[in-house]
Amino acid sequence: MPQLRIALAQVNTCVGDLVGNAALVVENTRLASAEGAHVVVFPEMTLTGYPVEDLALRGAFAEASKAAVGELARAVEDAGCGDVLVVVGYLDADEEGPRNAVAVLYRGEVVAKQYKHHLPNYGVFDERRYFKPGHELAVVRLHGVDLGMVVCEDLWQDGGPVTALGAYGVDLVLSPNASPYERSKDDVRLPLVARRAAEAKAPIVYTNQVGGQDDLVFDGDSIVVAEDGTLLARAPQFVEQLLVVDLDLPRRKREDAGDVTEGFRVRRRVLTDAPLDEYPPAYRPVVAEPLPEEAEVWSALVVGLRDYARKNGFRSVILGFSGGIDSAVTAALAADALGADAVHGVSMPSKYSSEHSRADAADLAERLGCHFRVEPVQDMVATYVDQLNLTGLAEENIQARVRGMLLMALSNLEGHLVLATGNKTELAVGYSTIYGDAVGGFAPIKDVFKTYVWELARWRNAEAEKRGETPPIPPNSISKPPSAELRPGQLDTDSLPDYALLDDILDDYVEGDRGFADLLAAGFEAEVIDRVVRMVDSAEYKRRQYPPGTKITFKAFGRDRRLPMTNRWREVHRS
């Protein structure tokens, strides 16, 4: 029975960093070689990072990527790892256009390559804009084992390469992926890969990237699934990992399938035909447990913020400490992502700020052990109010805008990344001040509904208590009614429905794209539906100008949901 030792290299790349990403490949191949691996599989487009977006359309970048693949093959050989077969994703291009490609490296050469066939064009994906699909499959025989490849979306769509490889009769399927995280995705991912393994009639090695890239975050969660759907191995989420697995691979009896299978031209390359001498398995499969839901989401938000800051050259962040729940959770995320010493909190009290909010802001800083300063804004606000005779909403908003200017000034002066602290609920209904609390370079909880912000806060404090640590979030920030404190006695409920009700409606309207009739059928009152829908529809221009933030849901604001700002269509009750 043929055997192979497979390494899944779950790595964190950076888009455009060909040199750095190539070094990651060499280093992980060296580690895999030291563990006796025969094959190492890297994620989709590892060499270029993913997603490259319009970089794919730049000829110079595509040519640099193609050249880097050849150089990488030689670098792996020079590192003494030439006998390890390396599967690595990169950007290719030919006379038809750019290609999402995978290269197979062996003994200093690119011995095979394959182009992605199914190009996703939904949600955050625009691959039909960038790439041309491939219609050929590479099958490589190593140590008597026939290896086939499918690239990310080729697993998610019915038919195509998986069906063809099953018909051809490969012994093992290698699948490089760059599959963005969203809540509970493993509940879908694992059953899907199990179904595809059954279709391929062969085990599948699924390697996914990890780390943050702009508003996307990748959770890793790389897996090996047997032909019968059994989960053989799984890497942990949100950390880089080299997962090494010994596989016994029953050789399939194969008839000569010819050059064309299920509409795909198959290009076969025999590298080594003789099976390896039998060896005792040293790497029994390891199955990491998936994280509980709150831990999974918290990890996603931490990694997304950490990588956005570090990959863009920021060593520290600054944000307003209002004493409220949103700023407290954002600050705790920042401390977990970058360390407390990299977090700079600023309390900016106005004449309407309550004593408990000032105290809660100071308490947050003490709990986190971060930098903290108090910069009163009352006099700055008064200058605008008195000179322009501002009242009502204009006076309320100028407070938020002065605070925004203050944070941006400190950012310019000291080099911090400004964090916006708004949540998905506020963003949905436009409950924020443009150029005020909406300023910043990154918005960590942009895709977190308000009710879930509270859940995360309670979970994070409970985790700290389990470890004998000081809970980072002041209990008063969790328990008190939320308020922007822009006028005497103001509460969020003065302007918005109760958050539990509001989030239920938003989940249906934003995430589910349900119309007025569907919302009525779900039991919501027509008057409340109308009020919420109008707020959501009229706030599109604000959302377009909001900073990026980590995507954790099926439909985040931004690339997932693209509506015109100038738009006269309204969901109304049609009886």
Side-chain angles (χ1 to χ4, degrees), residues 301 317-336 340 343-381 395-407 410 416 418-423 425-427 431-433 436-440 443-446 448-461 464 470-496 499:
L301 297 173
V317 296
I318 191 168
L319 66 153
F321 278 22
S322 69
I325 187 63
D326 295 326
S327 66
V329 168
T330 302
L333 285 166
D336 284 356
V343 178
H344 295 253
V346 186
S347 173
M348 297 170 283
S350 75
K351 65 179 182 180
Y352 300 124
S353 298
S354 63
E355 284 301 321
H356 66 74
S357 289
R358 300 183 195 206
D360 291 340
D363 186 21
L364 172 65
E366 184 175 351
R367 287 169 177 269
L368 294 177
C370 66
H371 300 277
F372 181 66
R373 64 202 291 177
V374 179
E375 296 288 353
V377 298
Q378 184 169 337
D379 291 345
M380 288 183 271
V381 170
E395 180 187 3
E396 291 181 24
N397 284 345
I398 203 64
Q399 295 174 69
R401 290 185 175 124
V402 164
R403 288 172 172 142
M405 282 194 302
L406 195 155
L407 289 174
L410 292 174
H416 312 299
V418 177
L419 301 182
T421 60
N423 59 67
T425 305
E426 294 172 347
L427 203 58
Y431 192 61
S432 63
T433 302
D437 54 307
V439 305
I445 59 172
K446 177 182 180 179
V448 185
F449 282 122
K450 183 76 171 190
T451 49
Y452 201 63
V453 174
W454 275 306
E455 288 187 40
L456 289 176
R458 296 186 188 99
W459 172 85
R460 182 64 183 85
N461 276 4
T470 301
I473 298 167
N476 197 43
S477 294
I478 299 174
S479 61
K480 67 184 178 184
S483 168
E485 293 192 329
L486 299 178
R487 63 174 183 268
Q490 182 186 34
L491 294 174
D492 288 5
T493 49
D494 297 340
S495 305
L496 303 173
Y499 276 118

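As the structure is a prediction and not an experimental result, all values here were calculated from the model.
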> Quiz question: by atom type and distance under 3.5 Å, do the side chains of S327 and S322 form a donor-acceptor pair?
yes
> Flag the pair T425 / L496 as yes when at least one side-chain heavy-atom distance between them is below 4.5 Å, and no otherwise.
no
> Just to verify, what does R401 make a salt bridge (charged side-chain N to carboxylate O under 4.0 Å, His left out) with, not counting sequence neighbours?
none
> Go through W454 and I325 one step at a time and tell me if the side chain to side chain contact (heavy atoms under 4.5 Å, CB included) criterion holds.
CA-CA 7 Å; W454 275 306; I325 187 63; 3.6 Å; yes
> Mind checking whether K480 and D360 have side chains closer than 4.5 Å, heavy atoms only?
yes
> Locate the shortest heavy-atom distance separating A335 from V343; write the atom from each residue and the value.
N-CG2, 3.7 Å
> To check you understand the geometry: which heavy-atom pair defines the closest contact between L333 and P444, and what is its length?
CD1-CB, 4.3 Å
> Measuring from I398:CD1 to R403:CZ, what's the distance to the nearest 0.5 Å?
11.5 Å
> Grab the two heavy atoms, one from P471 and one from R367, that are nearest each other, plus how far apart they are.
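Answer, listing the atom of P471 first, then R367: O-NH1, 2.7 Å.
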> For the residue pair T433 and N397, confirm or rule out a side-chain donor-acceptor distance under 3.5 Å.
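Indeed, the side chains of T433 and N397 share at least one donor-acceptor pair under 3.5 Å.
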> Is there a side chain to side chain contact (heavy atoms under 4.5 Å, CB included) between L319 and V418? Walk through the geometry before answering.
CA-CA 6 Å; L319 66 153; V418 177; over 6 Å; no
> Any chance you could lay out the side chain to side chain contact (heavy atoms under 4.5 Å, CB included) test for N423 and F449, step after step, and finish with the verdict?
CA-CA 6 Å; N423 59 67; F449 282 122; over 6 Å; no
> Please check: side-chain N/O of S477 versus main-chain N/O of G323, any donor-acceptor pairing under 3.5 Å?
yes
> With sequence neighbours left out, write down each residue that passes ring pair (Phe, Tyr, Trp, His ring centres under 6.0 Å) with H344, or none if nothing qualifies.
H371, H416
> Does V329 offer a backbone N or O that forms a donor-acceptor pair with the side chain of R460 under 3.5 Å?
no
> Rounded to the nearest 0.5 Å, what's the gap from CG on L419 to CG on L407? Could you check?
9.5 Å
> Which heavy-atom pair separates F372 from A361 by the least distance, and what is that distance?
CE1-O, 3.9 Å
> Could you tell me which non-hydrogen atom of A464 sits nearest to which non-hydrogen atom of P472, and how far apart they are?
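Shortest heavy-atom contact: CB-CD, 3.9 Å.
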> Kindly say whether I473 contributes a backbone atom to a donor-acceptor pair with the side chain of N461 at under 3.5 angstrom?
yes
> Could you go step by step and tell me if T421 and D437 meet the side chain to side chain contact (heavy atoms under 4.5 Å, CB included) rule?
CA-CA 7 Å; T421 60; D437 54 307; 5.7 Å; no
> What's the spacing between D326 CG and T330 OG1 if we round to 0.5 Å?
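The distance works out to 6.5 Å.
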> Looking just at side-chain N and O atoms, do Q399 and S350 make a donor-acceptor pair shorter than 3.5 Å?
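On atom types as modelled, these side chains qualify, holding a pair under 3.5 Å.
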> Under 6.0 Å from the CD atom of E366, do we count more than 12 heavy atoms belonging to anything else shown?
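No - once you tally the heavy atoms of other residues, nucleotides and ligands closer than 6.0 Å, there are 12 at most.
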> Just verifying a value: how many Å separate K446 NZ and L301 CG, rounded to the nearest 0.5 Å?
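It is 13.0 Å, given to the nearest 0.5 Å.
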> About how many Å separate CD of E375 and OG of S347, when rounded to the nearest 0.5 Å?
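S347 OG to E375 CD: 9.5 Å, rounded to 0.5 Å.
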> Quick one: closest heavy-atom pair of A331 and L364, and the distance?
CB-CD2, 3.9 Å
> If you round to the nearest 0.5 Å, how far is OG of S495 from CD of E426?
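One finds 11.0 Å between CD of E426 and OG of S495.
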> With heavy-atom distances below 4.5 Å as the criterion, would you say the side chains of L406 and M380 are in contact?
yes
> Taking atom types as modelled, find out whether Y352 and Q378 have a side-chain donor-acceptor pair closer than 3.5 angstrom.
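Short answer, no.
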